[in-house]
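What follows is a short report on a single structure.
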Amino acid sequence: MLKENNNPGQDDSWFAKEAAAAMHDYARTVNDAPPLRLAAGFSLSWPRVPRWQAWLIPVTVAAVVVALAVSLVLVRDIRNGGVLTHTGTTGSAGGGTVPASTATSSTPVTDADSVPPYYVAIHSTVVKATGGPPVLLSSLVAGDTRTGKEVANVAAGPGVRFMSVSAAGDDRTFVAAEQIGTGGTAPIEFVKIRLNPGREQVVQVTTLPIKRQVFGTAKSLRGLGDQYNVALSSSGTELALIDFSDNSELAVNVFSVTTGKLLQRWTTTAIRSGNLSTMPTLTWIDNDRELALATLGTPTKQGNNYLAAQTVRSIKVGGSGSGDLIADSTVMRYLLVGGTWGKTGACGYELEWPPVISADGKTFTCTTGGAFLTWVLPPKVTGSLSFGIDLTTNPNDFVSNVLWASKTGSTLILEWGVETDGTVHYGNTKFSQVDVVSHVKVKASQLRFVAQLHFPKGFQDGLDASTIAW
Amino acid sequence: MDTVDTDSHVPGPRHGSPGDDAAHAVAALYQAHAVSMIRIALLMLGDRAAAEDVVQDAFLGVYRRWQRLSEPQKAEAYLRSAVFNGCRDALRRESRRTRRDRAAADHLEDRPSAEAMALISEDRRRILAGLRRLPVRQREALVCRYYLELSEAETASVMNVSAGTVKSTTSRAITALGHMFREGLC
């Protein structure tokens, strides 16, 4: 006899959370270990291990490998409209998504929407010493978007690991969050990376005076979004962070990059981790006058669809606010997203989080596992999607991420790949690529792939908007 | 933290054995990580006794290789990999059993922890049952991502696959779990 599922909240995100909770519940049934026997007739007696608290469970990063490479690139002179042909593109205005075709366009990309010439990405690799355990090496790689050449490489110190990176508007100033040690309570500090291409000292690295943060990371949401997103203002003078612990208030902090001083702080208990699918994200918009706070709710069932509320709030920065996040912010975008994963053309949730919000605050770009790329444009606060592209005819075997959006949101850098045999074929142009695309507002005929960014052999995916910045 | 009195149990150096230093070091490791490793193995295998066996083997492997560990401080990472490898081997062995044997094993799985399991909600017990029905790699992905809270890249390292594969495997595992749950298959 079948068991009926009548709970409207039981969607994939619910199962992810419940699976995590169930595993922790089950794991906690083990509170001791038998004596260790290293050889026949040779045992070490062992007292019963006391009941461990959850925070003692080593969540350390051990054997880690990875991923995140990045070097790349190409772009044959984007400013002059160098266009690479691309099969399987196209778009449509007026909402919804359209299937791929073979259209390309030679519409030049304007300077305002050109891809910045330099990027900084987190690169992690594992060195396997002979007979020893693997060792994680974490570094920041600065690269030239046009040539694909590495500009600089900044290695993390022993026991330090870069977690996220954010760029200022000048494309020369970046801030990275680095974790000192491992585990949820390991402090985070921030370093500024200043690129000086062509000069003797190509890169300058400075630890910011912001005191080390042990901020909340809403463990119930961990694994579903980056916990250490940082948002550097376009001017490069302010750094915004989210502090969000389970069963606690959500706080948005703005620090001075120059002095390290906490400039502003907003809090609320109205946004609860239990009601969200993943960590909120921050984006500076409107010439650094506002912060966009994007949150993604847990899905609920409506008819045959599972929908989640995606809300973008704008918070005025620099004013004399009350400090209450809700009172000092306004909803600039509210969207019910979701449905069956990869099927509806709406923004996906969890795996495709976060969306990328353009610096002018007027576009909101997201993807789904099913390959739909969408732009949602104000001033509509609610409503359906404004624009979408179907990049593949096989959406179930597709992964994608939006990595960067231009100031107006009309040019994007998108990572996408087709999976076959359980492997995502990044670095193989037959199956996958990172592209610069431009839709030039919402005119379908002008949608085009501007250029494909190349990756070195061995590149693995894992990039998202918090691990590479332009 | 509790300490371990090993004086009366640790033998002197033996011919061909790593010796006291290794024994004490591995004993300390065991004290620190045995429970967490058994928990991982339990999630993978659903069987406490088998989980303890896998963990014993993993520590024995570390003990035997102790002198060749270039960075003993990284032993935890090595141990975790060894536990996952041991679980894969154990599950492969299990898959070769006859159907009857497997059914018997499934029946036995719940018995040792029945009291503890009673404290787990019905929904979560069903999810755990579904977890045990998932393919090994999907189960491993869920344990890494949602129990150990490893990143995609870290999980990729443990599973020796690409981060993209981790992403898709995790998604499929959750989808499969949901399907089994909704259809009453777990």
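Lettering follows sequence order; numbering is per chain, from 1. Reckoned from all heavy atoms, side chains included, excluding hydrogens, waters and symmetry mates.
A tilted orientation is assigned to the rings of A/H24 and B/Y147, their planes being inclined by 30° to 60°.
Both the backbone and the side chain of B/V143 come within contact range of chain A, with heavy atoms under 4.5 Å apart. Both the backbone and the side chain of B/L142 come within less than 4.5 Å of a heavy atom of chain A. Using a 4.5 Å cut-off between heavy atoms, B/L42 contacts chain A through both its backbone and its side chain.
Applying the side chain to side chain donor-acceptor pair (under 3.5 Å) rule to A/E178 yields no partners; only residues at least two apart in sequence or on another chain are considered.
Side chain of B/R124 to main chain of A/Y26: no donor-acceptor pair is present (N/O by atom type, distance under 3.5 Å, no hydrogens or angles).
Remark: of the listed residues B/T169, B/L150, B/T170, B/L148, B/L150 is the sole one forming a side chain to side chain contact (heavy atoms under 4.5 Å, CB included) with B/T155.
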